[in-house]
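First listed ligand is number 1; within each ligand, the first listed atom is number 1.
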Amino acid sequence: MKHTKSQKAFQEAQKVIPGGVDSPVRAFKSVGSDPIFIKGGKGAYLMDVDGNRYVDFVQSWGPLIFGHCDKTIEKAVIKAVKDGLSFGAPTKIETKLAEKICAMFEAVEKIRFVSSGTEAVMSAIRLARGYAGKNDIVKFKGCYHGHSDSLLVQAGSGAVTFGTPSSPGVPADLTKHTLLATYNDIKSVKACFENSKDIACIIIEPIAGNMGFVPADEKFLKELRALCTKHKAVLIFDEVMSGFRASLKGAQGVYDVVPDMVTFGKVIGGGMPVGAFGGKKEIMNMLSPEGPVYQAGTLSGNPVAMYAGMASLEKLIKHSFLYEEFEEKAKRLTQGLKDAAQEHGIPLQIGAIGSMFGFFFNANPVKNFDDALTSDTNMFAKFHQGMLERGFYFACSQFETGFICSEISDDIIDETIEAARKVFKEIK
Ligand code: KE4
């Protein structure tokens with residue numbers, strides 16, 4: 001494939017945008033190559049500025065569950081913009097989308113819209129702290145919840161690790177209230193409660209997508225729920241990625257566990273910038289202007305984004321049978337990749353729930369971030385490059401998740417497996 005125009009575009013971009021990208025993962029650094037610049041998308045496909053076409057398994061990191069240029073969503077956006085782009089005042093579409101989401105989630109009696117997943121999680125944590133009257137929070141190593149300061153932490157030293165900043169620019173004072181636990185390890189959570197009587201909330205990706213694809217064990221989630229209830233800590237499910245992707249009710253449609261708060265993003269904007277956080281009324285009513293916990297946003301509940309999200313959700317509700325198809329395709333794809341890798345002696349761990357899937361270049365099961373880190377990232381990079389050159393666009397990091405959309409056909413799945421067989425032969 002020719003990439004001369006992408007290379008030129010990347011050089012120009014780097015002169016005026018740090019790293020040439022508006023979000024780091026897009027720079028392809030973890031796969032050691034230069035990013036391709038996108039001209040457009042259509043259905044299951046992305047087209048780059050050199051005229052190359054790719055099957056898109058990233059779908060803008062999750063939002064595009066109906067693929068690119070979905071007619072229903074496009075029509076809703078075009079209709080909405082004819083009434084104006086933004087008002088900074090309440091509109092009825094915000095209420096309608098809020099009603100729809102509240103009706104779908106037992107945990108969500110009220111919800112507030114924001115403009116990104118980061119904003120949703122940052123606001124949810126502030127609200128949980130304000131509601132609980134406590135300061136400490138617990139997150140899990142390997143889970144990503146956006147880039148707000150108190151969540152940019154890495155494990156410090158010692159058994160129970162209070163977070164230390166994982167990025168310059170984050171003062172230690174802003175991470176000293178963040179405790180780190182190990183995913184799927186309830187003992188590490190109990191240790192946090194033994195070390196702090198001031199835990200306001202625990203935030204978790206119930207199906208982790210940011211350490212690679214690592215679903216939580218149901219027993220672990222149930223024990224987490226019980227611990228939060230016992231210690232009066234708010235349990236927050238960060239479903240920015242898994243929401244409407246794992247099932248119509250996200251992880252809450254997969255596990256029999258009800259959190260106290262939920263954060264959303266991606267799919268609920270249909271491709272437009274939307275995040276949201278919701279929970280029980282007694283928590284949400286603490287939020288300004290009803291309560292004392294401050295939170296705000298100029299473009300929160302933007303009507304165009306709301307219409308895009310509404311169109312996306314209405315279509316998902318109307319076609320909820322699609323989730324079975326998504327899962328069948330995700331499982332067929334990952335099993336096909338595993339078998340093809342096996343033929344060339346390459347071990348692959350695979351997983352799929354609903355329209356989410358993942359695979360690790362690893363001979364052992366991956367249950368947490370430490371396991372994930374033992375994966376062969378060089379092999380992943382070679383796989384990613386080989387598939388890209390054959391027209392298949394996978395997430396550019398071993399520690400991300402792949403997605404099936406409604407436009408990915410069985411034939412495309414077969415073509416992907418066939419291409420992977422050739423790539424595994426080359427890279428083994
Ligand atoms: P945004 O601020 O990027 O909209 O959402 C942050 C966020 C919060 N919670 C979860 C579970 C998430 O997955 C994300 C963002 N996901 C990444 C993909 N792993 C976004 C891609 C990027 O950073 O460019």
(message) If you define the side chain from C-beta out and look only at heavy atoms, does anything of Asp260 sit under 4.5 Å from Arg225?
(response) yes
(request) Starting from the C-alpha separation in whole Å, work towards a yes-or-no answer on ring pair (Phe, Tyr, Trp, His ring centres under 6.0 Å) for Phe244 and Phe105. (result) CA-CA 11 Å; Phe244 307 100; Phe105 291 86; 5.6 Å; yes
(request) Sequence neighbours left out, what passes side chain to side chain donor-acceptor pair (under 3.5 Å) with Tyr183? Give chain and number order. (result) none
(request) For this output row, return yes or no: ring centroids of Phe237 and Phe277 closer than 6.0 angstrom. (result) no
(message) Less than 6.0 angstrom separating the ring centers of His231 and Phe193, yes or no?
(response) yes
(request) Would you mind checking if Glu94 and Arg112 are paired as a salt bridge, meaning a charged N to carboxylate O distance below 4.0 Å? (result) no
(request) Heavy-atom cut-off of under 4.0 Å around ligand 1: list whichever protein residues fall inside it, by chain and number. (result) Ser23, Val25, Trp61, Ser116, Gly117, Thr118, Tyr144, His145, Gly146, Glu205, Asn210, Asp238, Val240, Met241, Lys266, Glu400
